[in-house]
Student: 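Below is one structure. I have some questions about it.
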Amino acid sequence: MKLLQNKVAELFENGTINLMIGFKEALTKQPVPCFIEKASEIEQLIYTKDCKNNLSVYLHKPEVKQAGKIGILANIATLRALVQLTSENQFWDIEKTVLTVNDKEEVIVFSDMEEVEAYVQANFPEFSEEDLKLLDYLESLSREDRWKYWTEQFSACIKCYACRAVCPMCYCPQCTVECNQPQWIKTSAQTTGNLEWHIMRAMHLAGRCINCGECGRICPVGIPVHLLTVKMNQDLFKEFGTKSGFALKGDYALNSFKPDDKEGFIK
Amino acid sequence: MSEFEPKIVAFVCNWCTYAGADLAGTSRTQYASNVRIVRFPCTGRIDFMLLMKAFENGADGVIVSGCHPNDCHYTSGNFHARRRWIVFRSILDLIGFDTDRITFSWVSAAEGKKWANLVDEVTDKIKAKGPFTDLDKLDGVQLKELYDEAITK
Amino acid sequence: MDKENKYIPYRVRIAKKTQESSNIQTYRLEFVDEKDAENFSFRSGQFCEYGVPGEGESTFCIASPDTRKGYVECTFRTTGRVTAALANCEENDIISLRGPFGNAFPIEQWYGKNVVFVTGGIALPPLRCVIDTLLDQREKFGEISVYYGAKNVEELTYKAELEEWAARGDMNLFITVDPGGETPEWKNFIGFVPTILEQNPPKSDNAVAVIAGPPILIKLGMPILAKSGFPNDQIYTTLENRMKCGVGKCGHCTVGKTYVCKDGPVFTYEEVLGMPLEY
Amino acid sequence: MEIKTITSANIPVFFNNLVKSGKVVVAPVLKKSGKVFFESVQSYDQVSTDYIQTAFSAKSVVFPEVEELFSYTKKEDGDFEFRNDMSNVPETVIWGLRPCDSSAFNYLTDFFLKENPDTYFKLRKERTTLISVSCAKADAACFCTSVGLNPGNVTGSDILLTAMGDSYYVEISTEKGKSVIDTALFTDSTEKSKEEFLAKVETKFSMDEIRERIQTAYDSAEWKHESMGCLGCGACAFSCPTCTCFDIQDEGSQESGKRLRCWDACGFGQFTRHASGHNPKSNQTARRRQRLMHKFKYSVENFGIVSCVGCGRCIRVCPAHLNIFENILNVTKA
């Protein structure tokens, strides 16, 4: 911890950053995001295996952008998000310094995004086993039971849009759900609209979702919404060999095609 | 009571399938009248939300059709569309939506006969399945219940 | 409003549709149910929720004076889903109306005084209601001055009425368009409303000022009026935040602890100064 | 106030009798996700007893997520017919809400009924009976004692139950409470104090300290830092027992459909946006400030009540774990 704090202190001193986004301890054992604007606050900075939040989402926030030079303490999901977002040209207006702590508890300060890319490719995360187990289970059900499972899940959705808020890939200034001419998605928190909302969100994340699972983890009613995108990521890799958040350059899966893409359902 | 007549919405591209349907018409090919055709510039323009809206507004089945691969008027619209449908279909499948109610097809401007057969086939299939009611009973529950049984340890 | 359930609207028929400009229209609305017409009364400055069932509701001030009974007029610019649906309506169509909501201008307190109106763009309608109320009892007031501006000549609302007012000869009119918005035939002022107001300051003795407009005009205009000698409690404005319910419940229109819909929309500059800058 | 006792063994009997009487009984139920939700239940077996706080409050019983204001049909002559039928709103008992939640109902009642009484809320509230259960446990997010409440306060409840070993201490505050009591099961109370059976909730701050400083807190420079983590979702507002903001939306066609009142949250960027595009609360800092100032200052000015009840839900549910009491302490720092 001391190592990390010293490193960040150094970055503050030599003027590389004037805002550090990291983690601090909180009421529960789950560390929470913290924002360090003064060197005197560095003491609260920690990094553990339980640091789950994908902090890259904050790089879209105007209040954060104002700081100009931003340091970000990234877990692997965050790094992946940073790679994907860079490939989508999202960081043209900020200067950022990326830090991570590796398995050996060494602090790494990346000098550019290429280094991040190399690190991500060397440490590319697998799908979580828990998610895969649940997906397998769902796929073993009959279609009617799957429909029942998901519609009951979505009936609990209250449309708080926390899934959208925590998603680093959901950076559109105006979301489809806010368009009302036409009203694509019903605004009331009722099942049909909820279902459409989650399908729409998954589709708009196709090939872009970096699989951090934040949407499912923070859902206040506990809907495993991330399963939709996990499944999609699996499919995209299987069908087209693409991985999101893997390379700085390259098209995303739905923005590109191969003339010999295979499918078995078009007559 | 009269036989169930399904409502089928067809989203078709302007250059191939629409022309194909036109050909079916001009050559006086008889086919089921259950289909409502919506013409788009290209299959690449057919957003998945349009399909959702069609079902929400009472469609019993949907046909999506456009140019054969390599025939797209805009060179690659149908290739993009194809990838989109692959992903979309798989998500719908995971959710348990009845994907049999959506039929994807390539129908060229010369394939009036294929179009007529396609519509007949889909109409028969949807007739056999009956009206689409999956979305009807979803709304209006006040205190929500989570479905438990599925998440097993 | 006397209805117990404030969410059930009245049904009103569009008796007359006037196209003020390409995207601004004025509707004269008459109640379908005669009982509603009898029960409905309002005062100048109040607003209503106008709606097309299936599309939603929109908030506009009542644009006709409370001295003219039997109908309600509203003027609105087409901007979103609801206003587009309203604009698509034709004469004799029926729409929904809830209201009136909010407080009103204390016009009785202005008897014998000079009244200055400062407004811009689509904010003339809420003041037109007050101006017409005054004109209907012209003898009770001193000088009436109107400073009104819009982006361009096309966007000036109530063009016919502006001409009528000019022809009356008992009003001072300062009509302006933003620089670049004039046409070759334009004879009036060119410049932003606050500039015109500063260059032609109104006399502030025995006078009240009423200002309405986009938030920026209110924010710039009120200090100018105060500087020209109007006491803070003699400068009135009508705020309009986003609103949904109209009865101080939905929370959209709050400015600090104040609900614009039920505590306003009419405020004095003094009251506005006590509020956070959230309008 | 009437005080009685009931044996723990008789609690399920009392509960099941409520169900049998034809009332809808809403009680906390543990879900597989590990969260506890209020839900309509049929028997006491389904009710969770071991929870600190439910994930969501019970406000949806009187102020549902989606309330149908009326339905409309366009007739052939172009005229509309508006229909609003509330007759099927059932008599409901909310069981097991915490004392903080029941006092939230007090605020809701003031808010909805004092000025421009709300027809829908009024009817639902009239048909709702609150049977609260005192807290025996608390966690680090609980702070009811800081806002002038405590784990055993009776405010708002029709009946408050406090578990005392093998019996329950029963405080009946209202006629409505009396009317659901099944006299055979209840005996007059022995004079024990319930205090020792209540959870100890740490006081994070005292309202007395804050009351004065909150007056000028609007201008505090800390707001920006304190709301830096806020991502602008509606989780806090939707889980809050006293948040009342809503949106009105039409669903259906222009021919027929419904006008609905749906929960809305002041944290959403679109919440205050004008049609012109101008947004009076244009950033998350302003929106977060509105939420907190409303709870601790504006509602005191408008209704004389601090509208935060210290249930701690917003802290538990926040994706960024923003902590409301830390925030409020920091912005009122001297």
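First the proteins, then the strands, lettered A, B, ... as listed; each starts at 1. What's counted below: heavy atoms across the whole structure, side chains too, no hydrogens, waters or symmetry copies.
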Student: Who are the ring-ring contact (aromatic ring centres under 6.0 Å, His included) partners of Phe105(D), not counting sequence neighbours?
Tutor: none

Student: Do you know the tightest heavy-atom contact between Ile158(A) and Phe238(D)?
Tutor: O-CE1, 3.3 Å

Student: Determine the minimum heavy-atom distance between Pro220(A) and Ala55(D), stating which atoms define it.
Tutor: O-CB, 4.3 Å

Student: Relative to chain D, which segment of Leu19(A) carries a heavy atom at a distance below 4.5 Å: side chain, backbone, both, or neither?
Tutor: side chain

Student: Who among Ala320(D), Gly232(D), Gly267(D) has the most heavy-atom pairs with chain A under 4.5 Å?
Tutor: Ala320(D)

Student: With only heavy atoms counted, which part of Ile315(D) is less than 4.5 Å from chain A, the side chain, the backbone, both or neither?
Tutor: side chain

Student: Find the one option among Cys34(A), Cys219(A), Ala162(A) whose heavy-atom pairs under 4.5 Å with chain D are most numerous.
Tutor: Ala162(A)

Student: What would the table of donor-acceptor pairs between chain A and chain D look like if you include every N and O pair under 3.5 Å, whether backbone or side chain?
Tutor:
unit_1	atom_1	unit_2	atom_2	d
Phe35(A)	O	His225(D)	NE2	2.7
Asn53(A)	ND2	Pro319(D)	O	3.0
Tyr58(A)	OH	Gly229(D)	O	2.7
Lys61(A)	NZ	Ser227(D)	O	2.8
Lys61(A)	NZ	Met228(D)	O	2.8
Lys61(A)	NZ	Cys230(D)	O	2.7
Glu63(A)	OE2	Gln284(D)	N	3.1
Glu63(A)	OE2	Thr285(D)	N	3.0
Glu63(A)	OE2	Thr285(D)	OG1	2.8
Gln66(A)	OE1	Lys224(D)	NZ	3.0
Cys160(A)	O	Gly234(D)	N	2.8
Ser188(A)	N	Glu251(D)	OE2	3.4
Ser188(A)	OG	Glu251(D)	OE1	3.3
Ser188(A)	OG	Glu251(D)	OE2	2.6

Student: Measure distances from Cys230(D) to the heavy atoms of chain A and classify the residue's part below 4.5 Å as side chain, backbone, both or neither.
Tutor: both

Student: Cys262(D) versus chain A, heavy atoms under 4.5 Å apart: side chain, backbone, both or neither?
Tutor: side chain

